[in-house]
Each structure stands twice: as structure tokens, then as C-alpha cells.
Q: 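Just dropping this structure here.
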Amino acid sequence: MKVLVVGGGGREHALAWAIARSPLLTGLVVAPGNPGIARHGRCAPVRDTAVEELVALAAAERPELVVVGPEAPLALGLGDRLRARGLPVFGPSAAAARLESSKAFAKDLMARHGIPTAHFRVFDAPAPARAYCRKLGAPLVVKADGLAAGKGAIVCRTLEEADRAVARCLEERAFGEAGLRLVVEEFMAGEEASFFALSDGAAVLPLVAAQDHKTVFDDDRGPNTGGMGAYSPAPVMDEEMTDRVITEIVRPTIAAMAKEGAPYSGVLFVGLMITRDGPRVVEFNCRFGDPECQAILPRLDEDLLPLLEAVARGRGLPAAIRWRAEASACVVMASGGYPGHYETGREISGLDPTGALPDVEGVQVFHAGTALRAGRLVTAGGRVLGVQALGHDIREAVVRAYAAAARIRFDGAHFRRDIGRRALARQEPR
Ligand code: AMP
Ligand code: GLY
């Protein structure tokens with residue numbers, strides 16, 4: 001099978017790595033890809049939001065399956081465009097991707113179908129939004145409706161902070177169009193987890209849970225990032241909690257989307273808060289998490305490609321699959337200054353000419369923001385590499401990932417030193 005993957009970050013490297021292991025694969029093209037991905041397939045220099053060019057690339061390459069990694073092209077309707085040309089696509093339609101691209105849509109859907117989430121209301125004018133903030137009381141959360149690169153949710157500890165957040169969205173237009181509508185919601189206390197499930201629009205195949213580390217510094221301090229590391233499994237998601245998430249959230253959401261005429265096909269990423277009263281939805285995403293994907297896919301004890309194809313073709317999705325017993329951890333190495341201003345073009349040392357770490361078993365180095373310049377591997381983004389390792393438990397996986405990260409160097413490199421801390425805090429000290 002010939003496959004086209006859209007995207008060029010760490011998540012797409014993990015997808016390309018897993019797809020390239022399939023005996024069914026006959027050719028792999030990735031747009032735009034990156035130097036790490038080039039180890040597994042051919043990179044085509046097309047941006048992941050250039051819908052017209054991607055449609056033209058697909059017409060020229062004639063893949064038998066297109067796998068879309070990021071949310072932006074899905075929200076722009078890339079899946080619809082390719083399906084209209086008869087191509088099987090892994091990734092939802094633009095209408096179904098509204099689960100991520102419009103928080104107001106996602107919240108209203110949950111309210112209509114009794115799916116547990118924070119109490120909320122949607123506003124497009126400041127005065128009623130501020131009045132509702134007073135009704136809820138602090139702490140509360142103000143969220144831009146549209147896609148805001150993970151920065152659109154403002155947790156407000158006081159009503160003054162809430163007033164500022166409302167003004168930033170609606171009056172100062174800090175999030176542009178994405179913030180002209182906002183969701184004001186109740187603050188939920190608990191532990192966060194990410195859960196993933198595949199669906200072909202009707203059938204559901206639950207995958208596994210992971211936890212990521214959103215803030216840039218240890219102990220959850222500093223500004224939010226795209227994610228500084230992840231591990232899987234997530235101990236907070238024990239068997240009972242997983243069953244509850246599947247029956248109370250995942251299946252009802254897939255059923256609701258089908259019932260409302262926008263069947264959801266692809267991977268559903270449920271951002272969860274595990275509260276005292278059970279699991280509740282923080283947000284939905286219409287794609288794999290980044291870096292959760294890098295932690296999860298190495299645990300898969302199956303060929304990924306037939307699963308992606310079954311989702312895309314809308315038939316043949318199995319009810320359950322096998323996972324390795326090992327735990328997995330991924331440590332993100334970032335450029336100095338990220339998530340604020342950072343410089344690129346810093347030479348990366350420690351990796352072999354293909355961008356892999358030599359002589360290390362059970363470790364993968366996924367490229368996120370790298371480039372080749374005059375034959376040398378250099379930094380080209382905020383998140384540069386995801387160093388992933390398996391271990392018999394989270395502790396061993398984390399130790400292995402850090403040992404591998406210590407062998408890789410670039411000027412200004414920084415990474416969190418406490419990946420897995422929630423999981424480790426639950427384990428008995430050894
Ligand atoms: P979101 O963009 O909706 O995923 O929100 C980003 C982050 O804000 C989440 O990962 C949570 O840490 C936090 N957050 C969002 N909504 C809530 C809520 N209702 N209660 C508590 N924390 C929240
Ligand atoms: N790591 C969180 C996300 O992909 O949105």
C-alpha cells in the first residue's frame with residue numbers, strides 16, 4: 001500500500017516510523033516531513049496547511065491512503081477534498097473536526113447528549129460574559145472558541161483575571177477571529193489525562209491513555225507549551241476509569257456525531273479531568289496528541305497500517321488490539337527561549353547521519369523541529385526532538401529516555417527533568 005502522510009512534526013515522525021514498519025507498505029510520501037522522517041519515506045516540500053497543493057500532490061502521487069496528522073488541514077477541509085476524489089483518508093471531515101475547531105460546538109454537543117464536562121455558557125459580548133463569570137465565581141476558565149495553538153484557554157483565579165481574559169478575547173482580539181466567541185466554564189479540580197480512540201464513524205476501537213506535561217518548567221511552572229513530554233500508560237486511568245471513559249464519553253460522543261449528521265472518523269483525542277465525581281471532558285481534539293503519539297505508538301503490538309486503513313475505509317475496524325506490556329516515556333528537547341522567542345539553526349550533535357541515536361535499543365528519537373543545512377542537522381523549531389524509550393515500568397522508561405537525551409546536544413537545549421512525575425508519585429519508592 002502506498003501512503004501519504006500530511007505533517008512534519010514529532011507526531012508525524014512517530015506515525016511515519018510506525019507505518020514504515022508495516023509489511024503492507026509499498027511507498028511512503030510525507031508532506032512536508034522533516035530530516036528524521038526522511039529515514040522512513042520521501043519528503044515532499046508542501047506545507048501542511050496548503051490544501052490546494054496537498055490535493056495536487058495526492059493527485060500526482062496516487063496514494064492508496066492519506067493520513068492527516070495535524071488539526072489545521074482537517075479544519076480547513078483537506079479530508080473532504082481528498083475523499084471527494086475517492087481517496088481513503090485517515091482524519092475527520094471539517095464538520096466533524098469542529099469537535100476541536102469550535103469549543104462552543106463541542107460544548108453544545110456534550111450538553112445536548114449528557115456527556116460529562118464543565119458547566120458553561122457561550123458568549124460573543126463582554127457584558128453578559130462578565131455577568132456569567134460572577135454567577136459562576138472564581139476560579140473559572142475563559143476559552144477562545146476557535147483554534148488558538150493551545151493558548152486559547154485562560155484559567156482565571158479571580159474575577160479580575162476573568163474580566164481581563166474576556167477583554168483580551170472580545171475587545172482586544174488577542175486571539176483574532178478564534179476569540180470573537182468565547183466559552184466561560186466552571187473550573188474542574190482533578191488530574192488530567194489524554195485518552196485516544198479510533199472510530200470509522202460508527203465502530204469504536206479504544207486505544208490507550210497518556211499524560212503530557214504542558215508547562216515549560218518542572219513542577220508545572222511557567223507558560224504552557226505544545227507539550228514537553230508524555231508517558232503511557234497513565235496510572236490514573238485504571239481499568240475502571242478507562243471503562244467509564246469509554247462508556248460515558250467516547251461511545252456517546254461518536255454516537256452523537258453520527259446522529260447529528262457529522263459522523264466522526266479518525267482518532268478522537270479526549271482531554272480529560274479525572275475529578276472526584278468521575279471523568280469529565282476538558283476538550284476534544286481531532287488528531288493524535290503531540291507528544292502523546294510519540295509515547296503511545298511504540299507500545300502498539302500490532303501493525304498500525306491496517307488500523308488506519310480500516311478507519312479510512314469505514315470497515316474492518318477490530319474491537320480490540322494488543323499492546324506491549326512495557327511503559328513508554330517521551331522527553332521533548334526544546335530550543336532555548338521556547339515557548340517564547342527562540343533562535344534556530346543551532347547544530348545538533350550526538351545523532352548519526354540519519355538523525356537516529358546510534359547503538360541504543362528501545363529508544364527512538366522523533367524529530368519535531370529539525371532541518372538539514374549544508375549536510376548538517378540543525379534546530380528549526382521550538383520543540384526540536386522527542387526522545388522516547390520503553391521500559392518495564394514508567395520509572396525505567398523515563399531513566400532510559402533521559403540517558404538517551406543526555407547524549408544529544410545543541411546550544412540552548414532545554415528539557416523538563418520531571419517527565420512522569422505524577423506516575424512515579426503513585427508508585428512505591430524503590
Ligand atoms: P484546553 O485548551 O481546553 O485543553 O485547555 C488547556 C488547559 O487548561 C487544560 O489542559 C487544563 O489544564 C486547563 N483547563 C481547561 N479547562 C479547564 C477547566 N474547566 N477546569 C480546569 N482546568 C481547565
Ligand atoms: N499535547 C497536547 C496536544 O497535542 O494538544
Side-chain angles (χ1 to χ4, degrees), residues 1-7 10-30 37 40-41 63-71 74 78-79 82-83 87-93 96-97 99 194-210 230 232-233 242 245-246 250-251 253-254 257-258 263-270 284-326 328 364 366 388 390:
M1 193 188 323
K2 181 172 178 183
V3 179
L4 169 63
V5 173
V6 174
R11 165 182 51 215
E12 289 76 27
H13 189 174
L15 286 165
W17 167 80
I19 290 169
R21 291 153 63 103
S22 174
L24 302 173
L25 187 74
T26 54
L28 177 61
V29 181
V30 187
I37 291 173
H40 312 295
E64 294 152 275
L65 173 69
V66 183
V67 179
V68 185
E71 65 277 17
L74 293 167
L78 178 63
L82 296 172
R83 270 188 283 265
L87 276 172
V89 181
F90 179 88
S93 65
L99 273 185
S194 308
F195 189 76
F196 299 86
L198 300 182
S199 177
D200 60 7
V204 172
L205 170 61
L207 301 179
V208 289
S232 176
T242 302
V245 168
I246 294 166
V250 176
R251 291 191 189 281
T253 302
I254 298 297
M257 293 296 284
Y264 189 93
S265 146
V267 57
L268 180 67
F269 168 166
V270 190
F284 288 118
N285 294 310
C286 63
R287 48 165 175 92
F288 278 109
D290 188 342
E292 289 96 324
C293 185
Q294 294 89 306
I296 284 176
L297 289 186
R299 291 189 57 216
L300 184 64
D301 197 11
E302 301 258 348
D303 187 347
L304 178 65
L305 192 48
L307 299 174
L308 301 177
E309 191 194 14
V311 167
R313 290 195 184 275
R315 57 170 188 266
L317 195 64
I321 49 171
R322 289 186 315 269
W323 295 88
R324 301 167 69 116
E326 289 112 309
S328 174
Q364 298 301 325
F366 294 117
Q388 179 277 336
L390 294 172

Q: If you apply the rule side chain to side chain contact (heavy atoms under 4.5 Å, CB included), what do you find for His13 with Gln294, and how did you get there?
A: CA-CA 8 Å; His13 189 174; Gln294 294 89 306; over 6 Å; no

Q: Pair Leu207, Ile296 - check side chain to side chain contact (heavy atoms under 4.5 Å, CB included), show working.
A: CA-CA 9 Å; Leu207 301 179; Ile296 284 176; 5.6 Å; no

Q: Report the distance from atom CD1 of Ile19 to atom CG of Leu25, rounding to the nearest 0.5 Å.
A: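 Rounded to the nearest 0.5 Å, the CD1-CG separation comes out at 7.5 Å.
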
Q: Quick one: closest heavy-atom pair of Phe288 and Leu198, and the distance?
A: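 Closest approach of Phe288 to Leu198, heavy atoms only: CZ-CD2, 4.4 Å.
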
Q: Search all heavy atoms of Arg11 against all heavy atoms of Pro70 and return the closest pair with its distance.
A: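 Distance-wise, the nearest heavy atoms are NH2-CA, 3.3 Å.
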
Q: Rounded to the nearest 0.5 Å, how far apart are CD of Glu64 and OG1 of Thr26?
A: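 Atom-to-atom, Glu64:CD and Thr26:OG1 are 5.5 Å apart.
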
Q: Decide yes or no for Leu82 and Leu4: does some side-chain heavy atom of the first lie under 4.5 Å from some side-chain heavy atom of the second?
A: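 They are not in side-chain contact.
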
Q: Quick check against the 3.5 Å criterion: does Glu302 have a side-chain atom that pairs as donor or acceptor with the backbone of Arg322?
A: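 At least one qualifying donor-acceptor pair exists.
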
Q: Do the side chain of Ser265 and the main chain of Pro92 share a donor and acceptor less than 3.5 angstrom apart?
A: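 Looks like no, no N/O pair under 3.5 Å.
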
Q: Checking Ser232 side chain against Ala209 main chain: does a donor-acceptor pair fall under 3.5 Å?
A: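 The answer is yes, because a donor-acceptor pair under 3.5 Å joins these two groups.
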
Q: Within the 3.5 Å criterion, strictly below it, is a donor on Arg299 or Ser328 matched to an acceptor on the partner's side chain?
A: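 Checked: Arg299/Ser328 side chains show no N/O donor-acceptor pair below 3.5 Å.
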
Q: Between His40 and Leu28, is a side chain to side chain contact (heavy atoms under 4.5 Å, CB included) present by the stated rule, with each step listed?
A: CA-CA 7 Å; His40 312 295; Leu28 177 61; 4.2 Å; yes

Q: Give the minimum heavy-atom separation between Arg83 and Ser93, together with the two atoms involved.
A: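 Shortest heavy-atom contact: NH2-N, 3.3 Å.
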
Q: Rounded to the nearest 0.5 Å, what separation is found between the CG atom of Leu99 and the CD atom of Glu71?
A: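 Spacing of CG (Leu99) from CD (Glu71) equals 13.0 Å.
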
Q: For Phe196 and Ser194, which heavy atoms make the closest approach, and how far apart are they?
A: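 Looking at all heavy atoms of both residues, the shortest contact is CE1-CB, 3.7 Å.
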
Q: State, yes or no, whether a side-chain contact exists between Arg21 and Asp303 at a heavy-atom distance under 4.5 Å.
A: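 The answer is no, as the side chains (C-beta and beyond) never meet within the 4.5 Å cut-off.
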
Q: Measure the CG-CG distance between Asp290 and Asn285 for me, rounded to the nearest 0.5 Å.
A: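 Going from CG on Asp290 over to CG on Asn285, the span is 11.0 Å.
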
Q: How close do Phe284 and Leu268 get, heavy atom to heavy atom, and via which atoms?
A: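 That closest heavy-atom pairing would be CD2-CD1, 3.9 Å.
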
Q: What's the shortest heavy-atom distance between Ala16 and Val30, and which atoms?
A: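 Nearest pair, atom of Ala16 first, then Val30: CB-CG2, 4.5 Å.
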
Q: Would you please test Lys2 and Val29 for side chain to side chain contact (heavy atoms under 4.5 Å, CB included) and show each step?
A: CA-CA 8 Å; Lys2 181 172 178 183; Val29 181; 4.1 Å; yes

Q: Between CZ of Arg313 and CG of Leu65, what distance do you get to the nearest 0.5 Å?
A: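 Atom-to-atom, Arg313:CZ and Leu65:CG are 7.5 Å apart.
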
Q: Which of these passes side chain to side chain contact (heavy atoms under 4.5 Å, CB included) with Val66: Leu308, Leu87, Val5?
A: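 Of Leu308, Leu87, Val5, side chain to side chain contact (heavy atoms under 4.5 Å, CB included) with Val66 is met by Leu87 alone.
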
